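Here is the structure we will look at.
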Amino acid sequence: MVGLKPSDTPPTQGVKFLSAGTAACIADLFTFPLDTAKVRLQIQGEKVAAEAARNIRYKGVFGTITTMVKTEGPKSLYNGLVAGLQRQMSFASIRIGLYDTVKQLYTGGKDNAGIGIRILAGCTTGAMAVSIAQPTDVVKVRFQAQLNLKGVERRYKGTLQAYRQIFNQEGLRGLWKGTLPNITRNALVNCTELVTYDIIKEAILNHKLLTDNLPCHFVSAFGAGFCTTVIASPVDVVKTRYMNSPPGQYTSALNCAWTMLTKEGPTAFYKGFVPSFLRLGSWNVVMFVSYEQLKRAMMMSKQSIEIAT
C-alpha cells in the first residue's frame with residue numbers, strides 16, 4: 001500500500017455515497033436562492049399563487065431574487081433549505097453514488113459502457129432516488145413556494161410540522177405527490193447530467209485537452225448542466241406546479257400539463273428556464289468538483305489509516 005495514489009484504487013461504495021451526498025449539500029448551499037427563484041417563476045400564473053401574491057410580479061431570475069428580498073426579506077431565498085439538504089443526502093447519494101455500480105452491473109463488470117448502458121444506469125438510479133426521497137422534495141417545493149408576507153397565512157411553519165401536516169391532511173399519497181412526474185424528470189436529469197458529464201470528461205481526457213483535475217471537472221459539469229436544463233425543463237415545471245398544488249386543483253400530472261398548455265401556452269413549460277440553467281449549471285459545477293475532490297480526499301485518508309495500522 002505504500003506509495004499508492006488515490007486514483008490507483010477505486011473508491012468504495014460507502015465513499016461514493018458519502019461524497020455524493022455531501023457534495024450535493026455543498027452545491028445546494030451555494031445555489032439554493034436560484035432554485036427558489038426558479039420555483040417562484042414556475043408557479044407564477046397559477047390562480048392560488050396569483051391570489052396570494054396580489055400585485056407582486058416576478059421578472060427574470062435576478063428580478064425575482066430582488067423582489068423576494070424587498071418584499072419578504074433575504075431569509076425567504078432559503079425557504080425550504082432544511083428539506084433541501086435532507087433531500088440531497090438521501091437523493092444524491094443514491095442517484096450519483098450508485099451510478100457507477102449500476103453501470104458495471106449492467107455491463108457485467110466491464111469498464112467500457114456504451115451510451116445505452118449509461119442512459120439505462122442513469123434512469124435506474126434516478127428512479128430509485130426519487131422513490132425514496134420524494135417526501136423531502138414535496139416539502140422543499142412547498143416551502144419555496146409559500147410567501148412570507150404580512151397578512152398572508154403561512155402554509156407551514158417548520159419542516160417536521162410540514163411532514164406531519166401533509167401526512168395528516170393528505171396521507172402518504174400527499175408525501176409522495178408528484179412521484180411519477182418527478183421520476184420522469186429525474187430520470188431525464190440523471191441520464192443527461194451523468195451521461196453527458198461522463199462523455200464530455202472522457203472526450204477531454206482521451207484527446208488530452210486537459211488532465212483529470214479541476215478544470216476538466218469544471219468544463220464537463222458546465223456542459224452537463226446546460227444539456228440537462230434544455231431537456232428537463234418542461235417536466236420540471238409540471239412537477240413543481242403539481243407538487244405545490246392544493247388537493248383537487250389537478251386530477252393528475254398530465255392534467256396539470258394540459259391545463260398549462262391550454263391556459264398559458266407552450267412557453268409555460270419553459271418558465272424559469274434562465275434560473276433553471278443558472279442553478280443547474282452552477283450546481284453541477286460545485287457538485288461534481290466537490291464530489292471528485294471529496295472522493296480523492298476520503299481515499300487518501302483511508303489509505304493513510306491503512307498504512308498507519
Side-chain angles (χ1 to χ4, degrees), residues 5-11 15-38 61-62 65 77 84-85 87-89 91-100 103 111-113 115 118-119 121-122 125-126 129 186 188-233 236 272-301:
K5 296 178 182 178
S7 57
D8 293 335
T9 304
V15 167
K16 289 180 183 178
F17 259 69
L18 187 57
S19 300
T22 305
C25 285
I26 293 170
D28 249 26
L29 288 171
F30 280 99
T31 63
F32 206 79
L34 292 170
D35 191 40
T36 303
K38 177 201 74 172
V61 57
F62 297 112
I65 290 173
L77 298 174
L85 296 178
R87 174 181 179 268
Q88 293 301 354
M89 281 308 297
F91 182 71
S93 59
I94 295 172
R95 78 176 182 91
I96 298 169
L98 273 179
Y99 173 70
D100 286 333
K103 189 169 64 174
D111 289 331
N112 296 325
I115 191 166
R118 296 182 191 195
I119 290 172
T125 58
N186 279 292
L188 287 171
V189 166
N190 213 40
C191 281
T192 313
E193 196 174 81
L194 296 178
V195 173
T196 52
Y197 179 82
D198 240 4
I199 291 171
I200 294 170
K201 181 182 172 184
E202 199 173 88
I204 289 171
L205 295 176
N206 287 343
H207 289 85
K208 294 181 171 53
L209 300 175
L210 296 167
T211 58
D212 188 5
N213 221 318
L214 199 147
C216 173
H217 305 156
F218 180 93
V219 173
S220 304
F222 189 81
F226 179 76
C227 294
T228 304
T229 309
V230 172
I231 291 172
S233 274
D236 190 32
F273 179 83
V274 173
S276 287
F277 170 59
L278 289 174
R279 196 258 175 177
L280 263 178
S282 56
W283 191 93
N284 270 275
V285 167
V286 176
M287 196 285 298
F288 277 114
V289 169
S290 301
Y291 179 48
E292 300 274 12
Q293 299 307 312
L294 281 167
K295 275 196 302 182
R296 291 184 180 186
M298 286 184 186
M299 289 305 295
M300 287 179 72
S301 297

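Since the structure is predicted, the reported quantities are computational estimates derived from the model, not experimental observations.
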Presence of salt bridge, Lys38 and Asp236, under 4.0 angstrom
yes
- Message: Could you check whether atom CG of Leu29 has more than 12 heavy atoms from other residues, nucleotides or ligands sitting under 6.0 Å from it?
- Response: yes
On a heavy-atom basis, the closest approach of Thr228 and Ala224 is OG1-O, 2.6 Å
If you apply the rule side chain to side chain contact (heavy atoms under 4.5 Å, CB included), what do you find for Lys201 with Asp212, and how did you get there? CA-CA 8 Å; Lys201 181 182 172 184; Asp212 188 5; 3.3 Å; yes
Distance col, row Thr125:OG1 vs Asn190:CG, nearest 0.5 angstrom, shows 4.0 Å
All heavy atoms of Tyr291 vs all of Gly97, minimum pair found to be OH-CA, 4.4 Å
d(Leu98 CG, Lys16 NZ) to nearest 0.5 Å is 9.0 Å
Between Asn186 (side chain) and Gly126 (backbone), is there a donor-acceptor pair under 3.5 Å?
no
Could you go through Leu278 and Phe62, starting from their C-alpha distance and side-chain angles, then the distance that decides it, and tell me whether this counts as side chain to side chain contact (heavy atoms under 4.5 Å, CB included)? CA-CA 11 Å; Leu278 289 174; Phe62 297 112; 4.1 Å; yes
Quiz item: Can you check salt bridge (Lys or Arg N to Asp or Glu O under 4.0 Å) on Lys103 and Asp198, steps first, answer last?
Solution: CA-CA 12 Å; Lys103 189 169 64 174; Asp198 240 4; 3.0 Å; yes
Taking every heavy atom of Val189 against every heavy atom of Ala232, the minimum-distance pair comes out as CG2-CB, 3.5 Å
message: Test side chain to side chain contact (heavy atoms under 4.5 Å, CB included) on Val195 and Tyr99; report intermediate values, then the result.
response: CA-CA 10 Å; Val195 173; Tyr99 173 70; 3.9 Å; yes
Nearest heavy-atom contact between Ala20 and Ala92 is CB-O, 3.6 Å
- Would you check, one step at a time, whether the test side chain to side chain contact (heavy atoms under 4.5 Å, CB included) holds for Tyr197 with Met287? CA-CA 12 Å; Tyr197 179 82; Met287 196 285 298; over 6 Å; no
Report task. Without swapping roles, check the side chain of Ser282 against the backbone of Arg279 for a donor-acceptor pair under 3.5 Å. Result -> yes
Parallel, tilted or perpendicular: ring planes of Phe277 versus Phe222, cut at 30 and 60 degrees = perpendicular
dist Trp283:CH2 -> Gln88:CD (nearest 0.5 Å) comes out at 5.0 Å
Value for OG1 (Thr229) from CG (Asn284), rounded to nearest 0.5 Å, stands at 8.0 Å
Do Phe91 and Ile96 make a side-chain contact, defined as non-hydrogen atoms from C-beta onward lying under 4.5 Å apart?
no
Looking only at heavy atoms, the pair that brings Ala27 and Thr31 closest together is O-OG1, 2.8 Å
To the nearest 0.5 Å, atom OG1 of Thr211 lies from atom CG of Leu205 at 8.0 Å
| Would you say the side chain of Arg296 lies within less than 4.5 Å of the side chain of Val15, judging by non-hydrogen atoms? | no
When every non-hydrogen atom of Met89 is compared with those of Thr22, the smallest separation belongs to SD-N, 3.9 Å
d(Ile199 CD1, Leu194 CG) to nearest 0.5 Å is 11.0 Å
